[in-house]
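Here's the structure, in structure tokens; my notes come after.
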Number of protein chains: 4
Amino acid sequence: MARPRSAAAERAMLDATRAALVELGWSKLTLGDVAARAGVAKTTLYRRWPGKSALVVDAVAVLFDELELPDRGSLAADVGGVVRSFAALLERPETATALMALVAESTRDPGLRDRIRTAVVDRQKRLVLEGRARAQARGELPPDADPVAAARQADLVFDVIAGAVVHRVLVSGEPADDAWVTAFTALLVAGLGALTPPG
Amino acid sequence: MARPRSAAAERAMLDATRAALVELGWSKLTLGDVAARAGVAKTTLYRRWPGKSALVVDAVAVLFDELELPDRGSLAADVGGVVRSFAALLERPETATALMALVAESTRDPGLRDRIRTAVVDRQKRLVLEGRARAQARGELPPDADPVAAARQADLVFDVIAGAVVHRVLVSGEPADDAWVTAFTALLVAGLGALTPPG
Amino acid sequence: MARPRSAAAERAMLDATRAALVELGWSKLTLGDVAARAGVAKTTLYRRWPGKSALVVDAVAVLFDELELPDRGSLAADVGGVVRSFAALLERPETATALMALVAESTRDPGLRDRIRTAVVDRQKRLVLEGRARAQARGELPPDADPVAAARQADLVFDVIAGAVVHRVLVSGEPADDAWVTAFTALLVAGLGALTPPG
Amino acid sequence: MARPRSAAAERAMLDATRAALVELGWSKLTLGDVAARAGVAKTTLYRRWPGKSALVVDAVAVLFDELELPDRGSLAADVGGVVRSFAALLERPETATALMALVAESTRDPGLRDRIRTAVVDRQKRLVLEGRARAQARGELPPDADPVAAARQADLVFDVIAGAVVHRVLVSGEPADDAWVTAFTALLVAGLGALTPPG
DNA sequence: TGTTAACCGAGACGGTACGTCCAGTCTTTCG
DNA sequence: CGAAAGACTGGACGTACCGTCTCGGTTAACA
């Protein structure tokens, strides 16, 4: 019976949020500024998101969904590829400042933690699962014996890859350059190979 | 010639900062509140630290310095030990909320980035170097051929360990329990062993 | 298109300002306190007035506008009447403390000087003009020959009356009692009569 | 920096106070700034004066004591002379801002009121008394019949002169130029003459 | 094809915290 | 041993955003 919400406004707000993150970073980003950039009233922002954190989750989630894992022919190449593209994503200013700040906020806000996991983190596990399946198909890794153990190992590998890249880029503050990617990939692939020798 | 700064006030401010972090978390921590808890005027806070970030760096840095690496007899045991104690540190509320927020801030503030690295991150590399040296003494790892390559590998191992733990605990939000620590340690030690077979 | 400013808030702020002047005087009056008394946010105060001085001008101006000059039948009686009511106004605590402080501030702030003159001082010249016209109608003073000279004399009389009362009450700090009012009135009326003898 | 510094320091502080009044005006004058200008510690300032008001009273009092009343040969000339020199004094920036502010403060502080009267206001009554005596000697005014009434009239004349000048210069904000001084003098002298006709 | 209710922009509102400045006091060190 | 230097507590400043609330004006689905 009533007028529906404007899809254009939604897009404008998310675009404005990313633009503001690039220019100002998380801590200087204000909802008033986002509203002004989007040509929208603050009210409209608050009608859709309960606050800055939720808005930013939605604004950056799409960036993470752009990650892909083309088949590069070998487990090592696939790992190197995903590491490189994840590092490139984290080197973008909006992603870096937002991801860490959201995680920081989420330590005090279980709702936010769930939202981040659902919208950002867990979705990327697909990359690990895909790479793993491909490696198994190639015979580089043994097939899953126990599905529970397999899931656990996938989670571990995900934490190792994502964690190492995050730490390298954001905490250590050094670039994930070719030398580093190569060394990390070698370490991980060697570890996986040594742990699960072909039967 | 003038009155010196009060050491008692300094201690009180850092203690108050940690207490406020535990109770309120990073984003709700205010310098006015810290000053009030410390029984100190805001002026005194601002005389010593330029802002919230710098204060919190100093307040949490000492917690990271408490990490130690007792000799547990084998490389695997040493890695497991450091992973466990680092995870325990990150599971403390003040550390978790502060570390991620500081890293987020630091993406926009090179001065802060340096401060964090100097006071928090780089100091912990000693744990890796120590563990590595011990493993070499035991014959678990080969001696350093090229010192530059050795330093690079130590940095890599540091990013992998710290990154995996941070990601597991803070991003994935799952506990670093025995099963996980064991699996991670096995993966890492296997990787190190496979990469650098004893000559 | 937007929400209009609240008239109730405006009234509350001016009332609170007068109340705070009475209790605290100019120098201990703080805008935070006024806001609190008025049940209003500091922001609302600053949205309408640029600072303490401007607010107080508006708060006290209405008090000066309450001065009136009923026809008391003779020039001397009219002068005595206005002197008494002006003295009574200056003996009110809010008026005394505010007027002098505003004048002090205005010596450094031309904008404030204009604001005071427009809102407080010049408006009271009406009393002199009215009394003068009445005296002329009664034949106590000769009609205006030169309108410019007449305006100048009105200004002079205004400065003499207002200045004498202000100085008596606020600088000398003595009451403007009947004896003083009578003596002053006699002096002024005698001077006016002697200067402009009926043709 | 030994002890015989005291007298020099006192002079330096009062000079610095006047200089700061000229530059900054009353409301932006700070004791820290005065101390710095005088090359003195804040402590030294507080040892001698209880606060800003008391310091400024002492700093400006000497300026008022410089007023003099040379014999200009007639009552009218003497009145004109004192009006001109008082106006010139009030047109100096340090005097104007300080006098009004002190009076404003004094409405809430009886101690300050007494201090101002003793050090600034009452001392200038000598000018009225001197001029009056001179006019009586010249036969322009009748000798005192009743000493009490004479004192009262002197006070009245003082309030009228000082008040009119203060109001003209500081409240009305117009210059006390020749035309105004002449008109005011004429009015006052005419009033005095008409009130007390030579017997 | 009007009605009309939800949406929209604008921006005022009560609040909270900011980072700065100054008041006035206290503590050291120097001359 | 008094004065400089300046750190200390305390509190107001004026600003910036927060998240909420009124407004008048504008759609778009329904009657």
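What you are looking at is a predicted structure, and each value in this text was computed from that prediction instead of being measured. Lettering follows sequence order; numbering is per chain, from 1.
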>> Using only modelled atom types and a 3.5 angstrom limit, is any donor from either the side chain of B:Arg3 or the base of F:dC8 paired with an acceptor on the other?
In response: no
> Of the non-hydrogen atoms in D:Lys42 and D:Leu31, which two are nearest, and what is the gap between them?
Replying inline: CG-O, 4.4 Å
>> I need the residues from residues 47-55 of chain C with at least one non-hydrogen atom less than 4.0 Å from DNA chain E; give them sorted by number, or say none.
In response: C:Arg47, C:Arg48
>> Give me the atom names and distance for the closest heavy-atom approach of C:Leu29 to C:Thr17.
In response: CD1-O, 3.9 Å
> What integer distance in Å separates C:Leu31:CG from F:dG14:P?
Replying inline: 6 Å
>> Considering every strand and a 4.0 Å limit on heavy-atom distances, what is the contact class for C:Ser6: base, sugar-phosphate, or nothing?
In response: sugar-phosphate
> Of all heavy-atom pairs between A:Ile116 and A:Ser106, which one has the smallest distance, and what is that distance?
Replying inline: CD1-CB, 3.8 Å
> Nearest to the side chain of C:Tyr46 - E:dC22, F:dG14, F:dG19?
Replying inline: F:dG14
>> Quick check: on DNA chain E, is the nucleotide nearest B:Asp33 upstream (toward 5') of the one nearest C:Val40, or the reverse? Name the residue that is more 5'.
In response: C:Val40
> Is the side chain of A:Thr97 donor-acceptor paired with the backbone N or O of A:Trp26 at a distance under 3.5 Å, no angle test?
Replying inline: yes
> Rounded to the Å, how far apart are B:Leu45 CG and F:dT9 P?
Replying inline: 10 Å
>> Can you identify which nucleotide, out of E:dA10, F:dC17, F:dG19, has its nearest atom closest to the A:Lys42 side chain?
In response: F:dG19
> Separation of B:Glu10 atom CD from F:dA7 atom P, in whole Å?
Replying inline: 13 Å
> Rounded to the nearest Å, what distance is computed from the CG atom of residue D:Leu29 to the C1' atom of nucleotide E:dC21?
Replying inline: 14 Å
> Taking only residues two or more places apart in sequence or in another chain, which ones pass side chain to side chain donor-acceptor pair (under 3.5 Å) with D:Asp33?
Replying inline: D:Arg37
> Tell me the salt bridge (Lys or Arg N to Asp or Glu O under 4.0 Å) pairs involving residues 95-118 of chain A, sequence neighbours left out?
Replying inline: A:Asp58-A:Arg115
>> With a 3.5 Å cut-off and heavy atoms only, can you find an N or O donor on one side and an acceptor on the other between the side chain of D:Thr43 and the base of E:dC26?
In response: yes
> What is the distance, rounded to the nearest whole Å, between atom CZ of A:Arg37 and atom C1' of F:dC17?
Replying inline: 15 Å
>> Using whole Å, what does the distance between atom P of nucleotide F:dC18 and atom CD of A:Glu105 come to?
In response: 13 Å
> Which is true for B:Thr30 with a 4.0 Å heavy-atom rule: it touches a base, it touches only sugar-phosphate, or it touches nothing?
Replying inline: sugar-phosphate
>> Expressed as a whole number of angstroms, how long is the span from B:Trp26:CH2 to E:dA17:P?
In response: 15 Å
>> Minimum heavy-atom separation for C:Leu112 and C:Leu102, please, with both atom names.
In response: CD2-O, 3.9 Å
> Of D:Lys28 and C:Ala9, whose nearest nucleotide on DNA chain E comes first from the 5' end?
Replying inline: C:Ala9
